[in-house]
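Here is the structure we will look at.
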Amino acid sequence: MSTSTQHQFRYTQTPSKVLHLRNLPWECTDDELVELCRPFGKIVNTKCNVGANRNQAFVEFADLNQAISMVSYYASSSEPAQVRGKTVYIQYSNRHEIVNNKSPGDVPGNVLLVTIEGVEAGDVSIDVIHLVFSAFGFVHKIATFEKTAGFQALIQYTDADTAAAARNALDGRSIPRYLLPEHVGACHLRISYSAHRDLNIKFQSNRSRDYTNPMLPVNHTAIDGALQPVVGPDGKKIEPESNVLLASIENMQYAVTVDVLHTVFSAFGTVQKIAIFEKNGQTQALIQYPVVTTAATAKEALEGHCIYDGGYCKLHLTYSRHTDLNVKAFSDKSRDYTVPQVPAVPWQNPQAGPMYPGTAPALQGQVPGGQMLSWDPAQQTATPSYVSAPGTYPSHTYAAPPTPAYPTAAASSPIAQSNPLVHNASSMGITQPGIPLNVNLQPGGASPSVPASSPLMQASPIAGASPPAHQPYFS
DNA sequence: AGCACA
């Protein structure tokens, strides 16, 4: 026969219902493979992206004759098999079935396994996850957990098609920044399929939800018992309040010292303790108030605002799981204002050295690094205009200004007494000439809520008064 | 352009 003589090579391999395809375009998809092969029969399995160049694949037909028909067709066809315009070479595979074709995560199902990279469990609330994945269909259930792979979530949809749509759209994408805490960087979603069909959600908790059963009991122990092991806004409303705030400081172009924080947070009540520390390369601070309500007021008022103009040192506030900080009474990273302290004795930072003039109030006077907080009461009282920005910050967002009740030196602190916040609840700005200290009114930083003509902006020490004062800290 | 270990 002419065919046997002309195409002997085609019969050097025993036919198999598994075909080996090569010279595929890079990272050819299952769909493209199926599209090419489906005309010849039912495809029961595929394996893409095989080989060093990931340009080979296997296709397994349900029936041997289907594979034969495909090989035969392209053996005599004037048009070669093509994917994306690239000629694909087809042979019988030397195996007769595709074994272990897919990792379990590649087997489609109605439940997605989502790995949220680059975040801690507390950074992405279950509500945010629900919001993101609800775009593709009704989310039945969500379970989140932490494994070695990181923070993961199981998302249950009605069917595999919905799950696939969500996977195709979101795999490799990121949760929008505006849904995440400020301190979170890039956060990529890695999505595969779970082998689960129906998640067994026992409680509505900060870690799991069953949206098909709103009556499911809320597991408070899961929240309270864990005492909120996470630092981020975990489930927004679910986050238990605390008298201790956790502040993440973003875009810290200028030093944020204990004193600076004390000034800012004292506007809402007595600050008992402060601790500054680094976590994941980010400066964070814990600020302890006597009571939850004060912390809540401060959190509400300061969240998203910047200590300095220009989007510098933006505060992101959550409730800490701590209720009573154990900090050194005096260090450059912590302060305990509840222990009796003698204002007359200047505190000297051994690291920064005694570089402040004697005119500085003892407790507030020094900032490590040499920056001075030189209080001038006359200036304070003479500069109320720029700290008042009516309308930009509703006064009703916090309660009646608390009276600072410092047990010791703080009671006479010029900050507390002259703090415009204490007297004028419409503003949170605290600006000192020469002192990089005003909480501007730009939640989110990017969208200015303060008009350019805002007196606050004009009065910003960054904007004009004394920019060099900040330079020693960095760069 | 020539066979897979997820």
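From a predicted model like this one, the values you see are computed outputs, not experimental measurements. A note on names: the letters A, B, ... follow the listed sequences, proteins ahead of strands, and every chain is numbered from 1.
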How long is the line joining [atom1] of [X] and [atom2] of [N], in whole Å?
X	N	atom1	atom2	result
A:L24	B:dC3	CG	C1'	13 Å
A:D106	B:dA4	CG	C1'	14 Å
A:L33	B:dC3	CG	C1'	14 Å
A:I98	B:dC3	CD1	C1'	11 Å
A:Y89	B:dC3	OH	P	15 Å

* Asked: Quick one: which of B:dA1, B:dC3, B:dC5 gets closest to the side chain of A:R95?
  -> B:dC5
* Structure fact -> Looking only at B:dA6, B:dC3, B:dA1, the nucleotide nearest the A:F58 side chain is B:dC3
* For residues A:K333 and A:V258, determine if any side-chain heavy atom of one lies less than 4.5 Å from a side-chain heavy atom of the other. => no
* Taking the side chain as C-beta and beyond, is there a heavy-atom pair between A:L19 and A:F40 under 4.5 Å? -> no
* Asked: Would you find a donor on one side and an acceptor on the other, under 3.5 Å apart, between the side chain of A:S69 and the backbone of A:Q66?
  -> yes
* 5' precedence on DNA chain B between A:N23 and A:H96 (nearest-nucleotide basis) -> A:N23
* Asked: Without hydrogens or angle criteria, can the side chains of A:H20 and A:N94 be said to hold a donor-acceptor pair below 3.5 Å?
  -> no
* To do: Quick one: label A:E97 by what it contacts on the DNA or RNA (base, sugar-phosphate, nothing), any heavy atom closer than 4.0 Å.
  => base
